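One structure is given here, and the rest of the page talks about it.
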Amino acid sequence: TQEDFLAGSTYSVSYLAKGLASRGHKVIVAARSGSELSRILIDSQVIFESIKIRGRFDFKSIILLNRLIKKHAIQIVNAQSSKDRYISVFAKYFFRLRIILIHTRRQVSKSTGGFFQNLIYVSGTDMIVAVSKGVKQSLIENHIPEKHIEVIYNGTPSYKYQHVDMNETLSLKKRFSVNEGDLVIGSISRRKQQEQLLKALDLIGKPVTVFLLGIKEDDELRDIISSYKFPHKVIFVGEVEQKEALNYYRVFTCTVLCSTSEGLSQNLLESMFLGVPVIATAAAGNLDLIDNGINGLLFKDNDIAALANSIRLIEENPDMRNTLISGGITTATDTFSIERTIATYESFYARLLSSRNY
């Protein structure tokens with residue numbers, strides 16, 4: 001089950017569901033009708049069921065989930081977000097369902113909420129999947145037993161890049177007056193400490209163009225922009241669909257992610273796949289994805305000078321830039337391919353089914 005939530009995670013769920021279905025597994029996804037996930041799964045082999053979860057203790061959703069499990073003879077329930085993690089546990093216990101119940105955690109855990117929530121997450125599940133070692137460590141620090149956690153990385157599918165259009169990229173350059181030789185930085189994410197990137201611009205020592213996709217200007221960012229010594233150009237693109245967002249990457253000299261709570265960033269994988277160097281905070285799932293100096297660059301959280309130096313290094317050192325591009329492409333197309341993710345899930349599910357004599 002999966003309730004509508006963050007777009008990056010939503011796409012990761014869709015890639016997994018479609019991939020498993022294409023390999024002959026019966027896959028049912030339950031989410032809100034009209035959600036992004038329901039739209040993505042149209043015309044796929046995945047069976048979609050409508051469920052609107054109003055809260056963690058929504059008894060109507062608990063009853064509906066029980067009906068869906070029995071209707072489709074479901075053996076494994078893999079809950080993907082906070083509300084459906086609760087209702088899946090309650091459904092299993094209230095209706096004595098003979099299912100394997102897995103919770104997937106896609107972001108760093110700040111708290112498991114004490115004894116009661118820990119009971120829900122551990123006693124109520126067969127296993128917890130963490131999408132990176134960073135997420136796993138955060139769960140351990142919040143008293144989830146290490147043996148109860150399995151790390152399975154997100155993957156990125158090659159098919160989603162088939163419609164990236166260089167003509168659209170050239171059109172974007174023309175639209176935003178981006179010229180050959182300009183230093184252009186992209187950041188594609190929800191509001192995740194983009195102020196660090198904006199603070200770094202004046203330390204670079206030349207005018208910079210920054211594209212911020214996924215957010216709108218706010219007071220904090222506006223104050224930073226108003227203090228610039230250099231005539232930087234900061235463009236707030238707002239929310240765009242994935243297909244459109246992919247055309248922006250090749251406008252960028254590099255992409256920057258300042259998040260410290262990232263599970264495993266689809267945006268970093270997209271940038272790598274499309275041959276654009278990445279810079280990210282040395283935190284959480286970024287450490288699983290980036291080998292510093294090999295396929296990307298890392299900087300310590302709030303080390304604004306280090307971030308500025310990383311941007312300069314990519315612009316001024318062609319050998320380093322080429323190394324990062326090559327390493328990034330290998331990472332996205334091989335190490336974190338969706339095929340590898342799907343095969344790992346297949347083995348994981350099969351192991352659980354076998355161990356419980358299903």
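Note that the structure is a prediction, hence the values are computed from the model and not measured.
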Listing, residues 64-71 side-chain donor-acceptor contacts under 3.5 Å, not counting sequence neighbours, or none:
unit_1: Lys71; atom_1: NZ; unit_2: Glu49; atom_2: OE2; d: 2.8

Step-by-step ring-ring contact (aromatic ring centres under 6.0 Å, His included) determination, Phe236 to Phe211: CA-CA 6 Å; Phe236 291 88; Phe211 285 85; over 10 Å; no

Hey, does [Y] have a side-chain heavy atom less than 4.5 Å from the side chain of [X]?
X      : Y      : result
Ile63  : Phe94  : no
Val29  : Leu37  : yes
Glu36  : Tyr11  : yes
Leu41  : Ser14  : yes
Phe59  : Ile87  : no
Gln75  : Ile100 : no
Asn292 : Leu297 : yes
Phe336 : Leu264 : yes

Should [X] and [Y] be counted in the same cluster of Ile, Leu, Val, Met, Phe, Trp and Tyr side chains packed under 4.5 Å apart?
X      : Y      : value
Ile342 : Ile40  : yes
Leu287 : Leu324 : no
Ile224 : Val237 : no
Leu197 : Val251 : no
Val151 : Leu269 : yes

Looking at [atom1] of [X] and [atom2] of [Y], how far apart are the two atoms once the value is rounded to the nearest 0.5 Å?
X      : Y      : atom1 : atom2 : result
Leu198 : Glu220 : CG    : CD    : 9.0 Å
Glu244 : His163 : CD    : NE2   : 15.5 Å
Leu183 : Ile311 : CG    : CD1   : 7.0 Å
Ile53  : Lys60  : CD1   : NZ    : 14.5 Å
Leu221 : Lys199 : CG    : NZ    : 10.0 Å
Ile188 : Ile215 : CD1   : CD1   : 11.5 Å

Pair Ile185-Phe252, side chain to side chain contact (heavy atoms under 4.5 Å, CB included): steps then yes or no: CA-CA 5 Å; Ile185 303 169; Phe252 308 150; over 6 Å; no

Ile76 vs Leu352, side chain to side chain contact (heavy atoms under 4.5 Å, CB included): CA-CA, chis, key distance, verdict: CA-CA 9 Å; Ile76 298 173; Leu352 288 177; 5.8 Å; no

side-chain hydrogen bond (donor to acceptor under 3.5 Å, both in side chains) assessment of Gln193 paired with Thr260: CA-CA 8 Å; Gln193 297 173 265; Thr260 57; 3.2 Å; yes

Considering non-hydrogen atoms only, spot the tightest contact between [X] and [Y] and give its length.
X      : Y      : result
Phe299 : Cys258 : CZ-SG, 4.1 Å
Gln266 : Gly155 : NE2-O, 2.9 Å
Gln45  : Ser22  : OE1-CA, 3.2 Å
Gly124 : Leu101 : O-CD2, 3.3 Å
Val108 : Ser138 : CG1-CB, 3.5 Å
Gln194 : Ser187 : CG-OG, 3.7 Å

Between the main-chain N or O of [Y] and the side-chain N or O of [X], is there a donor-acceptor pair closer than 3.5 Å?
X      : Y      : answer
Thr253 : Val184 : yes
Thr156 : Ala332 : no
Ser271 : Asn267 : no
Thr125 : Ile128 : no
Asp84  : Ser81  : yes
Ser326 : Thr323 : no
Ser354 : Arg351 : no
His103 : Arg85  : yes
Asn179 : Asp182 : no
Ser88  : Asn78  : no

Enclosure of Glu239 CD (heavy-atom neighbours >12, cutoff 6.0 Å):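 Counting neighbours around CD of Glu239, 12 or fewer heavy atoms of other residues, nucleotides or ligands fall under 6.0 Å, so no.
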
Heavy-atom neighbours of Lys300 NZ exceed 12 at 6.0 Å: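 Atom NZ in Lys300 is not packed in, count stays at 12 or less.
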
Pair Glu195 + Arg191: basic N to acidic O under 4.0 Å: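 Between Arg191 and Glu195 there is a salt bridge, with a charged N closer than 4.0 Å to a carboxylate O.
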
No-hydrogen, no-angle side-chain donor-acceptor test under 3.5 Å, Ser9 and Gln80: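 Checked: Ser9/Gln80 side chains show no N/O donor-acceptor pair below 3.5 Å.
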
Test item: side-chain donor near acceptor, Thr169 and Asn247, under 3.5 Å: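 Result is no, nothing qualifies.
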
Pairs touching residues 302-322 that satisfy side-chain hydrogen bond (donor to acceptor under 3.5 Å, both in side chains), sequence neighbours left out: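 Qualifying pairs, neighbours excluded: Lys206-Glu315, Asn309-Arg312.
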
Do any side-chain atoms of residues 273-283 form donor-acceptor pairs under 3.5 angstrom with protein atoms, and if so which ones, sequence neighbours left out?
unit_1: Thr281; atom_1: OG1; unit_2: Ser259; atom_2: O; d: 2.3
unit_1: Thr281; atom_1: OG1; unit_2: Asn286; atom_2: ND2; d: 3.1

Pairs satisfying salt bridge (charged side-chain N to carboxylate O under 4.0 Å, His left out), at least one member in residues 251-277, at least two apart: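 Applying salt bridge (charged side-chain N to carboxylate O under 4.0 Å, His left out) to every pair that reaches into residues 251-277, excluding sequence neighbours, yields Lys160-Glu270, Lys192-Glu262.
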
Salt bridge (charged side-chain N to carboxylate O under 4.0 Å, His left out): pairs with one or both residues in residues 121-143, sequence neighbours excluded: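 As it turns out, the salt bridge (charged side-chain N to carboxylate O under 4.0 Å, His left out) pairs with a partner in residues 121-143, which skip direct neighbours, are Lys92-Asp126, Asp126-Arg356, Lys136-Glu146.
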
Side chain to side chain contact (heavy atoms under 4.5 Å, CB included) between Asp219 and Arg222, worked out: CA-CA 5 Å; Asp219 290 341; Arg222 191 178 297 109; 2.6 Å; yes

Plane angle bin for Tyr345 and Tyr349 - parallel if under 30°, tilted between 30 and 60°, otherwise perpendicular: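 If you compare the ring of Tyr349 with that of Tyr345, the planes turn out tilted.
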
Among Ile225, Asp202, Thr209, Val210, the one residue meeting side chain to side chain contact (heavy atoms under 4.5 Å, CB included) with His232: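 Of all the options given, the one that passes is Asp202.
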
Asp334: partners by salt bridge (charged side-chain N to carboxylate O under 4.0 Å, His left out), with sequence neighbours left out: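 Asp334 satisfies salt bridge (charged side-chain N to carboxylate O under 4.0 Å, His left out) with Arg340 only.
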
